[in-house]
Amino acid sequence: AGEPGQDSQESVAFSLRNNFSGLDAFDINFNVTALNADLLYSYDEDWVCNDANELSLCEAGLHPWGYSSTDAYYRDRQDRSLELNAQGKEGDWTAGVYYQTKDEDLTRVYTWQAQDFTSNYQVDNFALFGQLETRIDERTVLITGLRAENYQGDYSDNNGFVESVDDSMIGGKLALEHQVNSQAMIYTSLSRGYKAGGGNGEALAKARDEGTDQSFFEAIKYFDPEYLWNGEFGVKGMSKDKRLVLRLAAFYMYRDNMQVKAYKEYKADENSEPVFVGYLDNAASGRNYGLEIDSNYQLTDRISLNGALGYLRTRMADFVNADGESKDGREQAQAPRYNYAFSARFDATDNLYVNLGIEGKDEYFFSDSHDSKAESVNLVSEDREALEELFNSENLKNSSNNININYDGTPITWVLKVEKALLETPYDVLEDELLRNSFISLEDGDFILIGPYIDRSQLLLAQDYLNERYGKPLGVIEKWQI
């Protein structure tokens, strides 16, 4: 095709936040947001190998006969949201309403299509929510919360597919927090969350591609909501001198009607190009349980130590992929059994510090629909010599693998910057979800930052996770500026 792929976005956003505190009993908060965005995601499909200088590569064969094409997805998106809530003067209760409307037009321009594909997807969300903190005694607080939401979506395209969805969902939380003493707090919680269903618009864009089965696309037009029950027990504490902070949490999750990312490959005949269809489907259920520990220790006034360790077991039940293969009882995708990260920081001066970090994770499945795996990464044992080589090198600004070095010898750190307005999930919910998938994050104004990591490839995994989670390209990887 001769055209490089693109991943671009041009957005105009507006946000208005207003707080009224003139009443005696409670404060009123009013938030309005608006977003207009033009997005382009395109890529080149060049399955050819005719380079005379790469004989061994061409002998292996990237493709037996080769083909070349370009696939481009143009999106015009409009988002509007409104939230009105009341909050107690003591911060012990809140209640409110939330409304969001989204309108997205998609145009797919593909080399092998007789005509461009166009679709429209309109969504309206309306929710009521509330949370109450009840003090049982001086050290114990009971937290109750409830959220009811209605999701309506209307989809249509020029392939003749028309689908309307109307789902009502209820979530809630019941938590008990007990302050053991001035240094330690224990808590336990039971919560029910949900992810809305919707239409597989990007998959339906390929419904008329050569060799595809129309009955398959009829079956995957819509995916159902997922419900999550989560039980958790945790401890948070610090030493008397406040140099050591420790957090521990154990959890068990049951995912009902679990949403999974699935794939299907079509090929009209051996001389035609393959068509890869990605879509969201539902498994009957999934189970996750695990343990997380993280801490930081101020060794001296200038040296601090940080560490995090996670253990996770997962299973999914009653899921059959598009090729008829059962994945019942298999581990879920993007779920390594263990992960760890340890770092030491030395503050040489007020403006200069040195940070050394090591991290690793177990192997994991890339997708719920096939059995390809990412290998385990253990920088402690495998890359110790490589790291020493980097820090002893005369040219410390050179990069090795995915770790880049500043001129002063410290690792460059990276973050994935995601605009909040493009997400459909409150940050506190997303933060917990990212942590379950081994990604740390923080808020920065109108953006969410995933990271920081010294290994840039971690953010590519995070970006892939968000793209699958929300069904669209999200985030830009940037250097972390403190």
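In what follows, residues are counted from 1 in the order of the sequence shown. Basis for what follows: all heavy atoms, side chains included, without hydrogens, waters or symmetry-related copies.
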Novice: Distance only, no hydrogens: is a donor on one side chain within 3.5 Å (strictly under) of an acceptor on the other, for Asp328 and Ser326?
Specialist: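 No pair is found: no donor N or O on one side chain lies under 3.5 Å from an acceptor on the other.
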Novice: Give the intermediate values and the outcome of side-chain hydrogen bond (donor to acceptor under 3.5 Å, both in side chains) for residues Asn282 and Glu226.
Specialist: CA-CA 8 Å; Asn282 294 97; Glu226 174 184 339; over 6 Å; no
Novice: Counting N and O atoms only, with roles assigned by atom type, does the side chain of Glu90 sit under 3.5 Å from a partner on the main chain of Asp92, one being a donor and the other an acceptor?
Specialist: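 A pair under 3.5 Å: no.
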Novice: Return the minimal non-hydrogen interatomic distance between Ile220 and Ala203, and the atom names on each side.
Specialist: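 The pair with the smallest heavy-atom distance is CD1-CB, 4.0 Å.
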Novice: Output, in order, the C-alpha distance, side-chain angles, deciding distance and verdict of side chain to side chain contact (heavy atoms under 4.5 Å, CB included) for Leu416 and Leu466.
Specialist: CA-CA 11 Å; Leu416 177 63; Leu466 290 180; 4.0 Å; yes
Novice: Quick one: do the Tyr340 and Asp362 side chains pair a donor with an acceptor below 3.5 Å?
Specialist: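 No pair is found: no donor N or O on one side chain lies under 3.5 Å from an acceptor on the other.
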Novice: Hey, does the side chain of Tyr121 reach the backbone of Gly199 with a donor-acceptor pair shorter than 3.5 angstrom?
Specialist: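 Pair found, side chain donor or acceptor close to backbone of Gly199.
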Novice: When you measure from the side chain of Gln6 to the backbone N and O of Ser42, does any donor-acceptor pair fall under 3.5 Å?
Specialist: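 No, because the side chain of Gln6 does not come within donor-acceptor range (under 3.5 Å) of the backbone of Ser42.
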Novice: Side chain to side chain contact (heavy atoms under 4.5 Å, CB included) between Ser81 and Tyr99: does it pass, once the steps are laid out?
Specialist: CA-CA 6 Å; Ser81 71; Tyr99 173 74; over 6 Å; no
Novice: Is a donor from one side chain sitting under 3.5 angstrom from an acceptor on the other, for Ser369 and Ser367?
Specialist: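 Looking only at side-chain atoms, Ser367 and Ser369 do form a donor-acceptor pair, the distance falling under 3.5 Å.
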Novice: In sequence, state the C-alpha distance, the side-chain angles, and the governing distance for Asp71 and Tyr73, and then conclude on side-chain hydrogen bond (donor to acceptor under 3.5 Å, both in side chains).
Specialist: CA-CA 7 Å; Asp71 204 356; Tyr73 296 81; 3.3 Å; yes
Novice: Verify, without hydrogens or angle tests, whether Arg80 (side chain) and Leu35 (backbone) share a donor-acceptor contact under 3.5 angstrom.
Specialist: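 Yes: the side chain of Arg80 pairs with the backbone of Leu35.
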Novice: Below 4.0 angstrom, N of the basic side chain to O of the carboxylate: do Asp79 and Lys102 qualify?
Specialist: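 Judged by the 4.0 Å cut-off on N to carboxylate O distance, Asp79 and Lys102 do not form a salt bridge.
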Novice: What heavy-atom pair brings Pro225 and Asn257 nearest, and what distance separates the two atoms?
Specialist: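 Result for this residue pair: O-ND2, 3.3 Å.
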Novice: Near Asp301 CG, under 6.0 Å, is it more than 12 heavy atoms from other residues, nucleotides or ligands?
Specialist: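 Atom CG in Asp301 is not packed in, count stays at 12 or less.
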Novice: Is there a donor-acceptor pair closer than 3.5 Å between any side-chain N or O of Lys261 and the backbone N or O of Ala333?
Specialist: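 Such a contact is absent between Lys261 side chain and Ala333 backbone.
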Novice: Could you verify whether a donor N or O on one side chain and an acceptor N or O on the other, from Ser15 and Thr33, lie under 3.5 Å apart?
Specialist: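 Side-chain D/A pair, Ser15 to Thr33: absent.
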Novice: With a 3.5 Å distance limit and no angle check, can you tell me whether Arg315 reaches the backbone of Gly329 through a side-chain donor-acceptor pair?
Specialist: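 Yes, because the side chain of Arg315 sits within donor-acceptor range (under 3.5 Å) of the backbone of Gly329.
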Novice: Looking at every heavy atom in both Gln463 and Val476, which two are closest together, and how far apart are they?
Specialist: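 Closest approach of Gln463 to Val476, heavy atoms only: NE2-N, 4.4 Å.
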Novice: Hey, does Leu459 have a side-chain heavy atom less than 4.5 Å from the side chain of Ile450?
Specialist: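 A side-chain contact exists here, since the closest heavy-atom pair is under 4.5 Å.
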Novice: Please determine whether side chain to side chain contact (heavy atoms under 4.5 Å, CB included) holds for the pair Asn200 and Phe223, giving the CA-CA distance in whole Å, both sets of side-chain angles, and the decisive distance to 0.1 Å.
Specialist: CA-CA 7 Å; Asn200 278 305; Phe223 57 94; 3.8 Å; yes
Novice: Scan Gln259, Glu331, Lys327, Arg330 and name whichever one has a side-chain contact (heavy atoms from CB on, under 4.5 Å) with Asp368.
Specialist: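 Single side-chain contact (heavy atoms from CB on, under 4.5 Å) partner of Asp368 among Gln259, Glu331, Lys327, Arg330: Arg330.
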Novice: Step by step, work out the side-chain hydrogen bond (donor to acceptor under 3.5 Å, both in side chains) result for Glu83 and Asn85.
Specialist: CA-CA 7 Å; Glu83 180 177 334; Asn85 67 69; 3.1 Å; yes
Novice: Using modelled atom types only, decide if a donor and an acceptor are shared between the side chain of Asn321 and the backbone of Asp323 within a distance under 3.5 Å.
Specialist: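 Yes.
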Novice: Could you tell me whether a side-chain N or O of Arg139 sits under 3.5 Å from a main-chain N or O of Asn181, the two making a donor and an acceptor?
Specialist: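 Side chain of Arg139 to backbone of Asn181, a donor-acceptor pair under 3.5 Å: no, none is there.
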Novice: So Ser285 and Met258, do their side chains get closer than 4.5 Å, heavy atoms only?
Specialist: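 Met258 does not reach Ser285 side chain to side chain.
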Novice: For Tyr187, run the side-chain contact (heavy atoms from CB on, under 4.5 Å) check against Gln179, His178, Lys236 and tell me which one passes.
Specialist: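 Exactly one option meets the side-chain contact (heavy atoms from CB on, under 4.5 Å) with Tyr187, and it is Lys236.
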Novice: Do you know the tightest heavy-atom contact between Phe251 and Leu291?
Specialist: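 Heavy atoms only, the tightest pair is CE2-N, 4.0 Å.
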Novice: Does CD1 belonging to Ile136 count more than 12 external heavy atoms closer than 6.0 Å?
Specialist: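 Yes, because the 6.0 Å sphere around CD1 of Ile136 holds more than 12 heavy atoms from other groups.
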Novice: Considering non-hydrogen atoms only, spot the tightest contact between Tyr263 and Gly278 and give its length.
Specialist: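 It is CD2-CA, 3.9 Å.
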Novice: Is any side-chain heavy atom of Leu280 closer than 4.5 Å to one of Tyr222?
Specialist: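 A side-chain contact is absent here, since even the closest heavy-atom pair is not under 4.5 Å.
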Novice: Any side-chain donor-acceptor pair under 3.5 Å between Tyr194 and Arg147?
Specialist: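 Yes, Arg147 and Tyr194 have a side-chain donor paired with an acceptor closer than 3.5 Å.
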Novice: Nearest heavy-atom pair of Ile303 and Phe346: which atoms, and what distance?
Specialist: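 Closest heavy-atom pair between Ile303 and Phe346: CG1-CD1, 3.7 Å.
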Novice: What's the verdict on side chain to side chain contact (heavy atoms under 4.5 Å, CB included) for Arg77 and Asn36, showing C-alpha distance, side-chain angles and the deciding distance?
Specialist: CA-CA 6 Å; Arg77 180 173 179 177; Asn36 290 348; over 6 Å; no
Novice: Should the pair Phe439 and Tyr465 be assigned to parallel (<30°), tilted (30 to 60°) or perpendicular (>60°) ring geometry?
Specialist: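 Tilted.
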Novice: Does a side-chain heavy-atom distance below 4.5 Å link Val418 with Phe447?
Specialist: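 Not touching, per the 4.5 Å side-chain cut-off.
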Novice: Short question: side chain of Gln87, backbone of Ala95 - any donor-acceptor pair under 3.5 Å?
Specialist: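 Looks like no, no N/O pair under 3.5 Å.
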Novice: Will you find, in the side chains of Asp44 and Thr70, an N or O donor that is under 3.5 Å from an N or O acceptor?
Specialist: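 Yes, Thr70 and Asp44 have a side-chain donor paired with an acceptor closer than 3.5 Å.
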Novice: Less than 4.0 Å between a side-chain N and a carboxylate O, is that true for Arg75 and Asp38?
Specialist: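 No.
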Novice: Look at the side chain of Arg192 and the backbone N and O of Gly172, then say whether any donor-acceptor pair between them is shorter than 3.5 Å.
Specialist: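 Here the side-chain-to-backbone pair does not exist.
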Novice: Once you round to the nearest 0.5 Å, how far does CZ of Phe365 lie from CD of Gln332?
Specialist: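 The distance works out to 11.5 Å.
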Novice: Decide whether Asn296 and Arg345 meet the rule of one side-chain donor and one side-chain acceptor closer than 3.5 Å.
Specialist: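 Judged by distance alone, the side chains do not pair up.
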Novice: Can you list everything that forms a side chain to side chain contact (heavy atoms under 4.5 Å, CB included) with Ala196? Sequence neighbours excluded, please.
Specialist: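 If we apply the side chain to side chain contact (heavy atoms under 4.5 Å, CB included) test to Ala196, skipping adjacent residues, the hits are Tyr151, Met169.
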